[in-house]
Amino acid sequence: MTVMKTSMRNFFAHKGRMALSAVAVLLSVAFVCGTLVFTDTMNTTFDKLFAATSSDVTVSAKGASDSGETTSDNGKPPVMPASVLGKVREAQGVKTAEGTVFSTSVTVVDADKDSLSPSGGGPTIVGNWNRNDARTMKITSGAAPKNAGQIMVDKDTVDKHHLKLGDEIGVISAVGTHTAKISGVAEFQVTNPGAAIFYLDTRTAQESLVGETGVYTNVNVTAASGVTDAQLKTNVAAELGGGYKVQTAKETADANQKDVEGFMNVMKYAMLGFAGIAFLVGIFLIINTFSMLVAQRTREIGLMRAIGSSRKQVNRSVLVEALLLGVTGSVLGVGAGVGLAVGLMKLMSSLGIHLSTSDLTIAWTTPVVGLLLGVVVTVLAAWLPARRAGKVSPMAALRDAGAPADAKAGRVRALLGTLLTAGGAYALYLVSQADKAKEGSLWLGLGVVLSLIGFVVIGPLLAGGVVRVLGAVVLRVFGPVGRMAERNALRNPRRTGATAAALMIGLALVACLSVVGSSMVASATDELDKTVGTDFIIQSDSGQLVTPAAVKAVKETPGLERVTEYRITEADYTTPDGKTLKDTDITAADPSYATDLQTKTVAGKLADAYRPDSMSVHEKFAKAHGIHLGSKIKVAFKDGATADLTVRAITSSDVVIDAGSKYISIATLAKYVPADKMPLDQLVFANAKDGQQDAAYKSLKSALHDYPQYTVRDQTDYKEAFKDQIGQLLNMIYGLLALAIIVAILGVVNTLALSVVERTREIGLMRAIGLSRRQLRRMIRMESVVIALFGALLGLGLGMGWGATAQKLLALEGLKVLEIPWPTIIGVFVGSAFVGLFAALIPAFRAGRMNVLKAIATE
């Protein structure tokens with residue numbers, strides 16, 4: 001009870017000093033709990049949606065995926081004849097059955113040919129209005145489509161794009177473009193997670209999505225009273241025989257959920273990973289806080305020991321304070337986490353993914369995980385300072401506050417830090433010697449962990465030299481005030497090192513990812529310059545295949561020297577070693593592709609692979625299956641016949657673009673695959689006549705004006721698009737890392753605030769002998785700046801080392817250019833100085849307001 005009373009008294013006596021540490025715990029716990037609540041809510045939303053939209057039993061074509069439509073190589077959804085509907089209705093236990101047609105491989109545009117697709121990455125779905133949809137959609141204005149000139153749109157899309165009844169919109173599919181006027185608006189009765197849905201009448205949907213009537217993509221079946229879904233599935237499957245996919249509502253919902261589960265797990269664990277980084281940074285803040293509090297209470301602890309308190313009681317007293325801090329911060333963090341989840345839901349809604357707060361899901365495990373993490377991390381972080389407090393002797397009561405440094409501990413730290421750093425450096429060296437990326441990645445992970453821990457341990461030893469150099473460059477220009485700021489930073493190297501380490505972690509990750517991202521962009525750009533010999537690339541950013549009509553428009557564009565078509569399909573391979581490889585990609589292109597993409601070969605000429613009944617394979621595939629020039633491979637084409645193809649070229653596996661591709665000519669593909677089963681083009685390449693690049697570029701854009709689903713890019717555009725994709729990913733990661741950096745800033749604030757309290761008497765004496773308030777505030781700000789720059793220097797140096805090493809692994813995958821983004825690195829370093837200035841504002845202001853006489857009289 002005495003220990004508890006003492007701990008409570010100390011905790012509330014220093015509540016202001018504990019506040020920033022509590023905020024660090026709060027932020028970290030909030031991020032964890034917010035992530036869990038947000039992802040659980042997303043899962044609940046999709047579960048409700050899939051459960052509501054799934055019929056009792058669904059029948060689909062054999063080529064469809066478990067979760068619904070899979071677009072065929074010809075750009076159309078897999079279909080089954082309308083006669084299936086009649087057979088299903090004859091099955092025992094069927095109450096109703098209805099044929100449906102839908103496709104997600106579509107682009108929908110308004111009258112100005114602007115896309116009406118969701119901006120948040122959700123699907124665009126066009127289908128026929130049916131009874132199953134009527135269960136989850138309510139017509140709020142107008143009416144359902146009754147003929148080819150009418151189309152109904154979901155309310156979210158109408159509101160977002162300011163559409164109204166009577167507006168004309170176009171549905172673009174592999175079949176062509178169908179235009180219709182909005183006849184009605186339907187509103188979701190369950191949460192819409194971001195899809196844009198358009199409804200046509202059944203006949204029009206068949207004609208505009210598939211190109212023929214009398215076919216369906218699905219048959220939705222409702223069970224009669226007393227018939228279970230499983231029984232109904234068995235009965236329907238027995239009636240149809242083989243060749244169709246039959247699923248219960250639960251199987252369909254589970255398959256749909258599985259499709260989004262991968263994305264959700266990536267998001268969940270990525271965000272939890274960044275929360276872990278914030279926790280790691282928070283550990284340094286908590287260690288620093290309790291270390292300084294213990295140092296400032298050395299005399300008090302010595303007196304407690306002198307009057308009979310044992311080491312264990314002193315130790316427990318500090319740990320109880322940490323427990324109180326952990327509980328307080330964690331409880332507030334759990335509440336803040338729910339608020340953060342709601343904020344994320346609002347953000348997603350602004351991006352087009354609508355989530356309702358009525359679906360907010362808080363599992364009982366979420367607050368438990370948050371509380372356990374916050375409390376355990378806080379108590380563990382306080383264990384070292386608590387152990388140090390327990391070692392304070394009764395004689396310490398006779399000395400001034402602040403125990404002398406332990407020389408033996410310093411030597412052990414130096415040895416341990418050196419060993420860890422050296423071990424990390426050696427592991428990173430082994431990465432550069434690895435022959436395989438998988439093997440090297442293990443060494444990279446070990447090297448990152450060891451070098452990070454090594455720098456944290458050895459940080460206080462580095463502080464002396466690095467801070468002196470920084471002081472000479474940055475602080476000496478401020479005269480005596482700058483020199484005092486430097487000495488204050490050097491006074492307690494352990495504290496300076498721990499404070500800088502918190503900032504170092506976040507900035508090391510920023511630097512590493514910047515180097516990796518810049519190297520990927522530079523490598524891809526270099527590869528494009530070296531291998532791509534075409535002027536223009538035409539493709540759909542939404543994944544739609546290029547229709548023959550669009551290809552014709554490209555070929556008729558004036559100013560073009562050649563046009564190359566590029567297709568991908570699947571085939572079963574039987575290799576010379578007797579192995580059969582199922583559903584393996586094969587790339588068919590025009591012979592001019594050998595010029596458009598100058599892929600290196602290790603044997604033969606790539607142009608020969610486009611001869612009749614010929615092909616190429618890549619080097620790794622050839623070695624794995626004993627293939628050499630002249631080898632025969634039996635290729636059974638999807639939806640086609642089987643061919644014996646001769647290997648005429650073996651390409652290098654050390655490439656980035658089209659890595660692992662096996663090439664044949666389109667003429668060879670057409671020989672074995674019927675015309676109505678031929679795959680559409682994935683991409684189309686075009687090359688302008690000499691000196692006509694600019695004119696051809698404009699002509700191509702004009703020629704494809706009626707095909708807004710496709711984008712024309714020259715090589716500069718293509719490089720910029722890739723750079724933007726990497727940039728968006730990095731910006732998202734930087735945003736998540738900002739949490740760790742915020743916690744690190746709190747650490748700097750807390751360190752300075754506690755050091756001001758620790759130096760109260762010293763500050764009073766300096767003010768008494770003539771130091772002005774302005775000079776005092778400047779001294780504290782300069783101290784903060786040099787600590788921040790010290791952390792930035794360590795973090796950026798460490799991060800660039802990690803990034804350069806990671807690039808060695810990318811080189812094994814063909815990304816061979818190392819590029820250091822110096823503007824980013826320099827910007828972060830300079831920005832760290834402003835972080836230091838910002839962190840010092842409150843401590844400097846409080847120091848400047850001290851009463852000189854009271855400060856001098858402080859014990």
Side-chain angles (χ1 to χ4, degrees), residues 53 69 71 75-77 79 82 98-119 122-134 136-188 192 194-218 220 352 540 542 544-545 547-550 553 704-710:
T53 55
E69 175 212 6
T71 303
K76 304 174 187 177
V79 294
E98 183 179 26
T100 65
V101 182
F102 81 99
S103 177
T104 56
S105 295
V106 289
T107 297
V108 182
V109 296
D110 60 17
D112 297 324
K113 292 187 169 28
D114 292 327
S115 175
L116 300 179
S117 296
S119 56
T124 300
I125 304 171
V126 178
N128 66 319
W129 178 248
N130 56 77
R131 286 193 296 270
N132 193 59
D133 287 318
T136 56
M137 303 290 290
K138 179 183 178 182
I139 300 176
T140 55
S141 62
K146 293 182 175 59
N147 55 57
Q150 297 180 341
I151 189 169
M152 187 161 64
V153 187
D154 73 273
K155 188 175 185 300
D156 292 334
T157 301
V158 167
D159 292 342
K160 180 179 178 181
H161 296 281
H162 310 292
L163 302 173
K164 60 183 184 298
L165 295 178
D167 284 354
E168 187 174 83
I169 60 178
V171 175
I172 306 171
S173 69
V175 174
T177 301
H178 172 77
T179 57
K181 293 184 178 180
I182 298 176
S183 64
V185 177
E187 185 174 5
F188 282 91
N192 172 22
I197 303 184
F198 304 85
Y199 294 104
L200 300 164
D201 67 279
T202 300
R203 183 180 181 84
T204 304
Q206 291 168 335
E207 292 175 341
S208 60
L209 300 178
V210 185
E212 59 179 308
T213 57
V215 292
Y216 297 115
T217 57
N218 296 87
N220 296 329
S540 168
S542 62
Q544 276 188 265
L545 301 176
T547 62
L704 292 175
H705 178 263
D706 290 334
Y707 302 92
Q709 69 269 42
Y710 306 123

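Note that the coordinates shown come from a computational prediction; the quantities given were computed from them, not determined experimentally. Worth knowing before you read on, the calculation uses all heavy atoms, side chains too, and leaves out hydrogens, waters and symmetry mates.
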Checklist outcome for this item: Those residues at least two apart in sequence (or on a different chain) that pass side-chain contact (heavy atoms from CB on, under 4.5 Å) with Thr100 are Asn128, Asn130, Thr217, Asn218, Asn220
Checklist entry - Among all residues two or more places apart in sequence or in another chain, which pass the side-chain contact (heavy atoms from CB on, under 4.5 Å) test with Ala82? => result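 So Ala82 forms a side-chain contact (heavy atoms from CB on, under 4.5 Å) with Tyr216.
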How long is the span from the [atom1] atom in [X] to the [atom2] atom in [Y], to the nearest 0.5 Å?
X: Gln544; Y: Thr104; atom1: CD; atom2: OG1; result: 9.5 Å
X: Phe188; Y: Asp156; atom1: CZ; atom2: CG; result: 6.5 Å
X: Trp129; Y: Thr204; atom1: CH2; atom2: OG1; result: 16.0 Å
X: Thr107; Y: Lys113; atom1: OG1; atom2: NZ; result: 12.5 Å
X: Ile125; Y: Asp133; atom1: CD1; atom2: CG; result: 9.0 Å

Checklist entry - Do Val106 and Phe198 touch side chain to side chain, with heavy atoms closer than 4.5 Å? => result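 No, too far: nothing below the 4.5 Å cut-off.
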Checklist entry - Does any non-hydrogen side-chain atom of Asp114 lie less than 4.5 Å from one of His161? => result no
Checklist entry - When you look at Leu209 and Lys76, which way does the side chain to side chain contact (heavy atoms under 4.5 Å, CB included) test go after all the steps? => result CA-CA 7 Å; Leu209 300 178; Lys76 304 174 187 177; over 6 Å; no
Checklist entry - With a 4.0 Å cut-off, would you call Asp159 and Lys155 a salt bridge? => result yes
Which residues pass the side-chain hydrogen bond (donor to acceptor under 3.5 Å, both in side chains) test with [X], not counting sequence neighbours?
X: Gln709; result: none
X: Thr177; result: none
X: Asp706; result: none
X: Ser183; result: none

Next on the checklist: For a quick check under 3.5 Å, do Ser540 and Ser542 share a side-chain donor-acceptor pair by atom type?
Outcome noted: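 The answer is yes; a qualifying pair exists.
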Using every non-hydrogen atom in the two residues, find where [X] and [Y] come nearest and quote the distance to one decimal.
X: Thr124; Y: Pro118; answer: OG1-CD, 3.4 Å
X: Val109; Y: Pro708; answer: CG1-CG, 3.8 Å
X: Leu545; Y: Tyr710; answer: O-OH, 2.7 Å
X: Pro77; Y: Val210; answer: CG-CG2, 4.2 Å

Acceptor/donor pairs from residues 167-174 side chains to any protein atom, 3.5 angstrom cut, sequence neighbours excluded:
residue : atom : partner : partner atom : Å
Asp167  : OD1  : Lys164  : NZ           : 3.3
Asp167  : OD2  : Lys164  : N            : 3.0
Ser173  : OG   : Val175  : N            : 3.2
Ser173  : OG   : Ser208  : O            : 2.5

Show the atom names and distances, to 0.1 Å, of all donor-acceptor pairs under 3.5 Å that link a side chain in residues 137-153 to residues at least two apart or in another chain.
residue : atom : partner : partner atom : Å
Thr140  : OG1  : Val185  : O            : 3.3
Asn147  : OD1  : Gly149  : N            : 2.9
Gln150  : OE1  : Lys146  : N            : 2.8

Item to check | Non-neighbouring partners of Asp110 that pass salt bridge (charged side-chain N to carboxylate O under 4.0 Å, His left out), sequence neighbours left out | outcome: none
